[in-house]
Amino acid sequence: MGSLLTGVAILIRGHRQLLILIVPIAIFAVVTQLVGGTLLGRIAIAFFINLMVVLSLQIFTGNSGLLSFAHVGFMGIGAYVSAVLTMTPEAKAFAIPDLYPALVPVTLPFIPAVLIGGLVAAVVAAVVTFPIMRLREAASVISTFALLVIIQVILAHWHELTNGPRSLFGLQPYTDLPTAALWGVIFIVVAWVFRHSSIGLRLRASQDSEPAALTIGVNVVRLRWIAFIVSAFIAGFAGGLWAHFVTTFSPRAFYLIETFVAVTMLIVGGPRTVSGAVIGTVIVTAAFQGLRTIENQINLERLLPFQVVGVTEILLAVVLIVVLTVRPGGLIEEREIFSGPGGPLGPDADSAAKAPP
Amino acid sequence: MGLRALDNVSLELAQGEILGLIGPNGSGKTTLINVISGLLAPTAGRARVDGTVVTGKPAHVSARAGIARTFQSVRLFKALTARENVEVAALAAGVRRVEAKRRADELLGEFGLARWHNVLAGALPYGLERSLEMARAIATGATFLLLDEPAAGLDESEGDALLALLAGIPATRGCGILVIDHDMRLIMRLCRRLHVLAHGQTISEGTADEVRRDPRVIEAYLGSAGAAA
């Protein structure tokens, strides 16, 4: 127990930036909960769920250097699994008429169901991703995209579990702001610890030079696989929270636009750092909401002689392109936020630190 | 079958020894190191460490068996700090975190990099990159080091400092070192024994003096580059 406390103390002392990331977000959540209206509350919940998806992407992509388009698919797996587990038999009879009879009477509490959703996503990831972990660059990205398509098609046709391509409805709105915020913060810590862990460090090494990492003994394929499994769990968990936030959804909710938004958040902020993932999510959420409001306002007031549709997505895509062109590492590149300048120490430091002859 | 980059090459390296691997450009020196370190799988033949075969397996297996290397074109982990570059090598060898950090600090001191410990490797001055790469290789606790042109691009004083460091490694760490270099001054001062490749084949092996007088060596160098060793 004592050593655990010492460990936590060391972690906090060595990672003050983690607090700098968490505190403002926690304050935002508390203030919104206390004085924010329903709309702001819903935006905040959506923000925290997006944050979890982006953090899950960061854990894999940020450490391994391999972009994944598949994570929103794992989010879908978590959403459907948890939905089937929390719904009452009566609700299931309406919403998923073809559901396997064995699953009809199963009704679990909310968080256990969400956890199982995450676990199922992780197990699926463990089974299907090992072969593609040895790919790199374009081949790797394309194969994760293929995986997204496969998950999408399965979700849309597995009538006995998902009600097929039609909407699934009748979930209870269990996901409130405190729950979403708490888990968002927990996953910030998880992503931070993972990045700084021995696995994270070895993966980041392999990202810079795979041959060099191999020749110091890093089992690159296995570590990528572990990172993918951890990140699929978080994506699946986020999917469970999201399902019990929107309460009605179809497989289409876990496809291209959502993948695009999550990837944009990560890349704009900077995939290599947890700070980047958090800040990217904040900025893109703010921009998205702001642009949406303006777009709706323009349409509502008929400020233009035609209806404006999709300007928000187009502008986000432009932002993504601009960031990739101007600052390809994202806003927070290699070092976490507030890490200090990291220059060389004074010349006398060498003799001071040198081991005695 | 394409070109045989290596054909019938056989060499032995003992712990505590520095063996020089020389030969004209394209003679297969780097290919040989790539094979031994597991980055290339040979179509035939094998490399053993203490009787354990390391060829034809994933490259990290060679490292675990005790082989570490540097690269002709330095390959550092650019987004990691100098200290993390060394620390991660100890971690990959199965050393615990605290011990890995301690070993990293010690090696950074030894290689004159202590004041750069918190600098990202990608921002290091060129002359220090090779030192860091070598410290990283040593941090794995390897019994055999394969150094691919460790002095390339260094000026004379940097080269001399490196030479002094290298020469001490077998005694202090008990490693065997295989070193490739075109700088004959460095090779002659560092190695008692030399192995010479040309066109992927061994053409000579022996002491520096024996090799220097070997007519096949003279011909290989004159015939290809026109510059005698």
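Every chain is numbered from 1 and lettered A, B, ... according to where its sequence line falls, protein lines coming before strand lines.
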Engineer: Report the option among B:A65, B:A123, B:A92, B:G94 that has the most heavy-atom pairs separated by less than 4.5 Å from atoms of chain A.
Structural biologist: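 Heavy-atom pairs under 4.5 Å are most numerous for B:A92.
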
Engineer: Less than 4.0 Å between a side-chain N and a carboxylate O, is that true for B:R136 and B:E133?
Structural biologist: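 B:R136 and B:E133: salt-bridged.
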
Engineer: Specify the closest pair of heavy atoms between A:D208 and B:L76, including all atoms of both residues, with the distance to one decimal.
Structural biologist: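 It is CB-O, 4.1 Å.
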
Engineer: Can you tell which part of B:L124 gets under 4.5 Å to a heavy atom of chain A, answering side chain, backbone, both or neither?
Structural biologist: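 Nothing of B:L124, per the 4.5 Å heavy-atom cut-off to chain A.
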
Engineer: About how many Å separate CZ of A:F74 and CZ of A:F228, when rounded to the nearest 0.5 Å?
Structural biologist: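 So the CZ of A:F228 and the CZ of A:F74 are separated by 4.5 Å.
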
Engineer: Given heavy-atom pairs under 4.5 angstrom as the criterion, report whether the side chain, backbone, both or neither of B:T81 touches chain A.
Structural biologist: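 The side chain, not the backbone.
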
Engineer: Where on B:R97 is there a heavy atom nearer than 4.5 Å to chain A: the side chain, the backbone, both, or neither?
Structural biologist: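 It is the side chain, since no backbone atom gets that close.
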
Engineer: Between B:A79, B:A63, B:A59, which has the largest tally of heavy atom pairs under 4.5 Å with chain A?
Structural biologist: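 When all of B:A79, B:A63, B:A59 are compared, B:A79 has the most.
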
Engineer: Side chain from CB out, backbone as N, CA, C, O: work out which of these in B:L39 comes under 4.5 Å of a heavy atom of chain A, or both, or neither.
Structural biologist: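 Only the side chain of B:L39 comes within 4.5 Å of chain A.
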
Engineer: Hey, is B:D160 close enough to B:R189 for a salt bridge, meaning N to O under 4.0 Å?
Structural biologist: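 B:R189 and B:D160: salt-bridged.
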
Engineer: Testing the basics here: between B:G23 and B:H182, what is the closest heavy-atom pair and its distance to 0.1 Å?
Structural biologist: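 Shortest heavy-atom separation between B:G23 and B:H182 comes out as O-CE1, 3.7 Å.
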
Engineer: If you count heavy-atom pairs under 4.5 Å between each of B:H60, B:E84, B:E87, B:R69 and chain A, which one has the most?
Structural biologist: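 That would be B:H60.
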
Engineer: In the structure I gave you, are the side-chain heavy atoms of A:R204 and A:I199 within less than 4.5 Å of one another anywhere?
Structural biologist: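 A:R204 vs A:I199: side chains apart.
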
Engineer: Only pairs of heavy atoms separated by less than 4.5 Å count here; which of B:V88, B:L146, B:T140 has the most with chain A?
Structural biologist: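 Ranked by contacts with chain A, first place is B:V88.
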
